[in-house]
Amino acid sequence: MKTVTTISELRAERAKLTGPVGFVPTMGYLHAGHLSLARRAREECASVVASIFVNPTQFAPTEDLASYPRDLARDSHLLEDTGVDLLWTPTPEVMYPEGFQTWVTVDEVTKVLEGASRPTHFRGVTTVVAKLFNGVQPQRAYFGQKDAQQAVVIRRMVQDLNFPIEIVVCPIVREPDGLALSSRNTYLDSAQRQAATVLSRSLNAAKDAFHAGQHDADKLRALVTEIVNAEPLADLEYISCAHPDTLQEHKGKVDRVLFSMAVRVGRTRLIDNLIV
Ligand code: PAF
């Protein structure tokens, strides 16, 4: 596996790869969820490129940019073992050189859910992903369903700006007790780690209720709220019962649903989701 930092190094190494090229963008501190994306890309593509960049523009000033976990040496070994051909690790200066002032924004689908409480987040994500796509020029790019809204936003951007890239969204990888893997899980102490199972427990209860015939959006939201509120260490930020593509909140009887939620456990903000 080659590792490059600058755009010119990337271009030179990218030119040597045979297609189709699969791309796995990450912010590092890799876990089994990221590696499942790299493995899928390895299975489906002739060449695989990954990137590691903790993108400052998708963090608000109050968020955890400075403390976001990083371990490049470990990440490089994991990616190499998974069969990645090329790793791009740009610096903030490479991605946002002095004078940078061009942004990519996606409108409606970024205003709800995560975007409602993190108003500048998706502008940072779409701008950096557009730059990563322009650098890597992949035929396919792999994202996790864990960030369900991010996947919807990226699909929208790719369609609206005619990027010739297929977006592949891979299933959430979970711990045996249901907790969705996240680099932020490392912030949890053992009591919080136990409490954090309330996200998947409450989503599964909504799924079970749905399959048992409860299709009323308000009742399904209320069920999840009740379960989360019963966990003393968890603080529910939102529970959404929305259309999986438009992210518009459902009212009344529902048919296809993306349940998504954000919960604070201590100072750690966790997200999870499930489609029925
Ligand atoms: O999902 C992530 O890790 C990030 O949002 C991404 C897509 C790598 C952009 O920084």
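Every number for a ligand or one of its atoms is a count from 1 in the order of the listing. Only this structure's heavy atoms are used, side chains among them; waters, hydrogens and symmetry mates stay out.
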Using a cut-off of under 3.5 Å, which N/O atoms of ligand 1 pair up with protein N/O atoms, and what distance separates each pair?
{"residue": "ligand 1", "atom": "1 (O)", "partner": "Gln150", "partner atom": "NE2", "Å": "2.8"}
{"residue": "ligand 1", "atom": "5 (O)", "partner": "Gln58", "partner atom": "NE2", "Å": "3.0"}
{"residue": "ligand 1", "atom": "5 (O)", "partner": "Gln150", "partner atom": "OE1", "Å": "2.7"}
{"residue": "ligand 1", "atom": "10 (O)", "partner": "Gln58", "partner atom": "OE1", "Å": "2.6"}

Item checked: With sequence neighbours excluded, residues passing ring-ring contact (aromatic ring centres under 6.0 Å, His included) with Phe53 -> none

Notebook entry, point to check: Between Leu258, Val257, Asn273, which is the residue that forms a side-chain contact (heavy atoms from CB on, under 4.5 Å) with Pro244?
Noted result: Leu258

Margin query: Please check this pair: side chain of Glu9 against backbone of Val4, looking for a donor-acceptor N/O pair closer than 3.5 Å.
Written below: no

Next item on the list: State which residues pass ring-ring contact (aromatic ring centres under 6.0 Å, His included) with His215; sequence neighbours excluded, sorted by chain then number.
Entry: Phe210

Margin query: Any side-chain to backbone donor/acceptor pair from Gln137 onto Asn134? Under 3.5 Å, distance only.
Written below: yes

Margin query: Who clusters with Leu65? Use side-chain heavy atoms, under 4.5 angstrom, across I, L, V, M, F, W and Y, and order the result by chain and number.
Written below: Met27, Val54, Phe59, Tyr68, Tyr187

